Amino acid sequence: MWLYLRYCKKKFKFAAYCYERMRAATILTVFCAAFLTLFASCGNNVERKAKKILDEAQAEYDGGEYVKALNSIDSLRVNYPKAIETRRSALKLYQKIELKRAQDAVESSDKALQQANKEYFAMKSRMDSLKELGNMTVEMLRSTNLVKERRDSLQNVFDVECAKIKYIKVKMAE
């Protein structure tokens with residue numbers, strides 16, 4: 001009998017040891033599952049928050065508030081670097097905003113350039129006629145040169161904005 005009790009005691013110790021190991025493994029598994037669930041839910045939360053900022057930027061773009069939309073996209077890029085899909089969509093919106101801003105700048109610089117050209121050629125023709133008569137003054141020459149400078153500056157702005165539009169369209173096609 002004594003041998004049997006000793007045998008059972010060893011058997012029970014082994015069973016208790018196995019039970020403790022299995023219990024520890026179960027606790028570890030439950031903890032890992034909870035951690036992974038928490039981690040996965042944080043990822044979705046990040047995407048949702050980034051998507052919300054992107055939607056705000058889109059609304060600002062639709063409202064014509066381009067600078068605010070660009071600021072929203074910049075904050076999205078800084079605050080949510082791991083929201084990859086949302087950032088890709090934000091890049092497309094960023095390109096659309098920059099394209100629209102460049103188109104607006106081309107339109108306004110074109111209007112100003114046309115007006116400066118009219119003013120310059122009118123002043124130049126008047127200056128040429130006064131030059132033939134010998135009545136041209138230094139002030140008139142100075143004002144004509146200032147108008148020419150403004151016209152050249154507007155032409156540079158116009159050319160740069162046109163190049164910017166071409167570049168953005170190439171990048172959007174990629």
Side-chain angles (χ1 to χ4, degrees), residues 32-132 136-174:
C32 288
F35 179 74
L36 289 175
T37 304
L38 179 66
F39 184 70
S41 68
C42 288
N44 284 339
N45 196 19
V46 167
E47 280 290 333
R48 269 188 266 125
K49 287 179 181 179
K51 180 74 172 137
K52 183 180 176 185
I53 292 175
L54 180 62
D55 291 341
E56 290 172 7
Q58 181 68 46
E60 291 165 347
Y61 168 71
D62 293 338
E65 298 175 355
Y66 304 129
V67 175
K68 283 185 179 179
L70 290 174
N71 289 339
S72 295
I73 291 172
D74 286 339
S75 70
L76 182 146
R77 292 167 68 189
V78 168
N79 296 330
Y80 302 103
K82 294 186 180 183
I84 303 299
E85 291 303 316
T86 306
R87 289 185 64 187
R88 283 190 183 131
S89 300
L91 177 63
K92 291 177 184 176
L93 179 60
Y94 191 90
Q95 290 171 338
K96 282 173 41 179
I97 292 168
E98 284 297 331
L99 180 64
K100 183 66 177 155
R101 287 180 63 192
Q103 288 170 341
D104 290 348
V106 164
E107 185 179 327
S108 65
S109 64
D110 185 42
K111 287 178 185 176
L113 182 60
Q114 288 176 10
Q115 185 176 354
N117 274 332
K118 285 180 187 176
E119 186 179 346
Y120 171 71
F121 287 119
M123 290 180 85
K124 184 168 170 42
S125 66
R126 188 173 48 176
M127 190 177 70
D128 288 341
S129 65
L130 288 174
K131 186 178 181 181
E132 288 176 6
M136 186 174 65
T137 64
V138 174
E139 288 301 318
M140 183 169 265
L141 184 60
R142 183 176 293 133
S143 63
T144 304
N145 284 339
L146 287 175
V147 170
K148 185 178 179 189
E149 277 183 29
R150 189 168 58 100
R151 181 193 71 156
D152 292 344
S153 176
L154 287 169
Q155 183 67 50
N156 287 338
V157 169
F158 180 81
D159 292 341
V160 166
E161 293 299 328
C162 286
K164 192 178 194 181
I165 289 172
K166 288 178 187 176
Y167 179 77
I168 291 170
K169 286 185 177 181
V170 166
K171 284 297 184 181
M172 287 176 85
E174 290 179 355

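On a predicted model such as this, the values are computed, not experimentally measured, just so you know. Just so you know, these numbers use all the heavy atoms, side chains as well, and skip hydrogens, waters and symmetry mates.
With contacts defined as side-chain heavy-atom distances shorter than 4.5 Å, the pair Arg151/Gln155 does not qualify. At a threshold of 4.5 Å between non-hydrogen side-chain atoms, the residues Arg126 and Met140 count as touching. Residues Lys111 and Glu107 meet the side-chain proximity criterion, which asks for heavy atoms closer than 4.5 Å. When side chains are defined from C-beta on, Asn117 counts as touching Phe121, because their heavy atoms get closer than 4.5 Å. Counting heavy atoms from C-beta on, the side chains of Lys49 and Lys52 never come closer than 4.5 Å. Inter-residue side-chain proximity for Lys164 and Glu98 is flagged as met; some heavy-atom pair is nearer than 4.5 Å. For the pair Arg48/Asn45, a side-chain contact is recorded, criterion being any heavy-atom separation below 4.5 Å from C-beta on.
Residue pairs meeting the ring pair (Phe, Tyr, Trp, His ring centres under 6.0 Å) criterion with at least one member in residues 45-79, sequence neighbours excluded: Tyr61-Tyr66. Within the structure, the side-chain hydrogen bond (donor to acceptor under 3.5 Å, both in side chains) test picks out the following pairs touching residues 72-82 (sequence neighbours left out): Glu60-Ser72.
Note that CZ of Phe158 and OG of Ser153 are 14.0 Å apart. Values are rounded to the nearest 0.5 Å. Atom-to-atom distance recorded for Leu70:CG and Ile97:CD1 is 4.5 Å, nearest 0.5 angstrom. If you take CG on Leu54 and CG on Leu91, they are separated by 11.0 Å, rounding to the nearest 0.5 Å. To the nearest 0.5 Å, atom OG1 of residue Thr86 and atom CG of residue Leu76 are 6.5 Å apart.
Cation-pi check for Arg150 over Tyr120 is not met; the charged atom does not lie both under 6.0 angstrom from the ring centroid and within 45 degrees of its normal.
Glu65 pairs by the salt bridge (Lys or Arg N to Asp or Glu O under 4.0 Å) definition with Lys68, not counting sequence neighbours.
Salt-bridge check for Asp152 with Lys148: failed, with every basic side-chain N at 4.0 Å or more from each acidic carboxylate O.
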